[in-house]
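Working notes, beginning with the structure itself.
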Amino acid sequence: MKIGFLGSGKMAEAILSGILQSELVAPCDVIACDTSDERLNLMKSEYSVETTRNAAEMVKSCSVVVLAVKPQVMELVLEEVKDLFTDEHLLISIAAGKKLAFLRGACGDKPRLVRVMPNLALMAQEGMSVFCMDDKDADPDRELTSRIFGSSGSVLELNEEYFDAVTALSGSGPAFVAYLLKGMIDGAVKQGLAEDAACLMAEQTMIGTGIYLQQSGRDIGEFIQAVCSPKGTTEAGMNVLNSSDVAETLGKTLAAAADRSRELS
Ligand SMILES: NC(=O)c1ccc[n+]([C@@H]2O[C@H](COP(=O)([O-])OP(=O)(O)OC[C@H]3O[C@@H](n4cnc5c(N)ncnc54)[C@H](OP(=O)(O)O)[C@@H]3O)[C@@H](O)[C@H]2O)c1
């Protein structure tokens with residue numbers, strides 16, 4: 001199996017790095033295609049994969065094509081190669097907001113199609129990728145997609161109708177989480193901590209709490225109650241949070257992002 005990247009920017013690099021590290025494929029089984037020589041040179045020097053500016057040659061050589069260009073150039077890029085797709089091709093799009101129906105229209109009726117919504121944390125191999133399939137019975141494609149994106153984080157299959165909510169939560173989520181972190185860091189600096197120390201402590205606290213909750217499977221409400229000892233420090237802070245509109249604001253934040261995703265797609 002050869003995997004080609006149509007567009008070799010930041011996200012393609014994160015996926016590529018994951019599949020090479022997990023040894024899903026060897027570098028000689030990957031072709032990176034891009035219009036930027038800088039990106040192609042980096043892909044070659046860092047990952048020893050084959051590189052090309054010629055999208056048609058890449059599509060002819062690869063049975064799996066990861067479409068990783070920006071959504072606004074996608075139609076143009078697919079127009080160039082759509083006649084080269086055969087029944088043997090699996091096309092995996094990671095473009096935000098581009099639905100399966102759009103992709104089918106743009107790539108013709110040949111390739112099997114998977115739409116994935118990854119997130120930026122893929123770059124730290126801790127991504128969240130949600131995918132949906134054009135043909136839900138295509139088990140080998142399901143397994144391959146799970147292995148490709150599972151190489152750099154968690155993977156979940158959901159129906160496409162949920163993708164606006166997915167885009168809001170895990171797609172845009174890294175920015176929202178970073179906002180909350182910034183608030184905690186600024187608060188700690190006001191309490192006298194140096195910014196770099198506060199930054200390390202806040203980030204590690206968020207990472208550790210996420211990992212603990214995920215691994216333990218504990219109910220989040222029950223966990224919060226358990227760490228709030230009566231009249232203790234956590235309870236004092238939680239009292240402020242509980243009497244604020246932070247939870248409601250987060251709900252509105254997610255709703256606005258999901259609404260925007262609906263508008264865009
Ligand atoms: N970044 C995220 O957090 C994120 C999250 C979820 C989904 N996505 C999706 O991931 C996709 C890629 O995003 P990215 O952040 O990796 O973008 P990026 O870093 O800009 O990478 C896209 C690459 O495609 C190249 N390109 C442009 N036209 C091309 C063509 N005709 N043939 C081959 N390559 C071409 C670009 O080159 P030039 O720079 O020279 O144009 C660039 O190197 C997007 O569709 C985005 O919606 C991104």
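These figures come from a predicted structure and were not determined experimentally. Whatever order the structure lists ligands and atoms in, that order sets their numbers, starting from 1. Numbers here are sequence positions counted from 1.
In this structure, atom 16 (O) of ligand 1 has protein heavy atoms in its sub-4.0 angstrom surroundings.
Nearest-heavy-atom check against atom 31 (N) of ligand 1 across Val77, Leu78, Val116 picks out Val77. When Asp34, Leu6, Ile15 are checked for heavy-atom proximity to atom 23 (C) of ligand 1, Asp34 turns out nearest.
The shortest N or O to N or O distance between Ala12 and ligand 1 is not under 3.5 Å. At under 3.5 Å, a nitrogen or oxygen of Ala96, whether backbone or side chain, sits near a nitrogen or oxygen of ligand 1. In terms of polar-atom proximity, Ser36 is not counted as a contact of ligand 1, lacking any N or O under 3.5 Å from an N or O of the ligand.
Of all the atoms in ligand 1, the ones that sit under 4.0 Å from a non-hydrogen atom of Arg39 are 43 (O). Applying the 4.0 Å criterion to heavy atoms of Met117 picks out, from ligand 1, the atoms 6 (C). Close approach to Pro71 involves these atoms of ligand 1, each under 4.0 Å from a residue heavy atom: 44 (C), 45 (O), 47 (O).
Ser61 is listed as a side-chain neighbour of Ile31, based on a closest heavy-atom distance under 4.5 Å. Contact check for Glu126 versus Ile207: no side-chain heavy atoms found under the 4.5 Å cut-off.
Nearest protein heavy-atom contact of atom 44 (C) of ligand 1 is Val69 O, 3.2 Å. When only non-hydrogen protein atoms are considered, atom 2 (C) of ligand 1 lies nearest to Met11 SD, 3.6 Å. Nearest protein heavy-atom contact of atom 22 (C) of ligand 1 is Ala68 O, 3.5 Å. For atom 7 (C) of ligand 1, the closest non-hydrogen atom on the protein side is Ile94 O, 3.3 Å. For atom 21 (O) of ligand 1, the closest non-hydrogen atom of the protein is Gly9 CA, 3.2 Å. Looking only at heavy atoms of the protein, atom 20 (O) of ligand 1 is closest to Lys70 CE, 3.3 Å. Looking from atom 41 (O) of ligand 1 to the surrounding protein, the closest heavy atom is Thr35 OG1, 4.3 Å. Remark: minimum distance from atom 6 (C) of ligand 1 to any protein heavy atom is reached at Pro118 O, 3.3 Å.
Among Met128, Glu160, Met117, the one residue that satisfies the side-chain contact (heavy atoms from CB on, under 4.5 Å) test with Val166 is Met117.
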Taking it one step at a time, do Leu122 and Lys10 satisfy side-chain contact (heavy atoms from CB on, under 4.5 Å)? CA-CA 10 Å; Leu122 237 76; Lys10 296 180 291 292; over 6 Å; no
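Salt bridge present: Lys182 and Asp186 bring a charged side-chain N and a carboxylate O closer than 4.0 Å. Electrostatic pairing of Glu13 and Arg39 counts as a salt bridge here, judged by a charged N lying under 4.0 Å from a carboxylate O.
Counting only distance, with no hydrogens or angles, the side chain of Asp219 and the backbone of Glu222 share a donor-acceptor pair below 3.5 Å. Looking only at distances, a side-chain donor or acceptor of Lys2 sits under 3.5 Å from a matching main-chain atom of Cys28.
Cluster membership for Val69 and Val30, using ILVMFWY side-chain heavy atoms within less than 4.5 angstrom, is not shared.
When all heavy atoms of Pro111 and Phe85 are compared, the closest pair comes out as CD-CB, 3.6 Å. When all heavy atoms are compared, the tightest approach of Ile19 to Phe5 is CD1-CZ, 4.1 Å.
Contacts of Ala95 with ligand 1, taken as heavy-atom pairs under 4.0 Å, involve both backbone and side chain.
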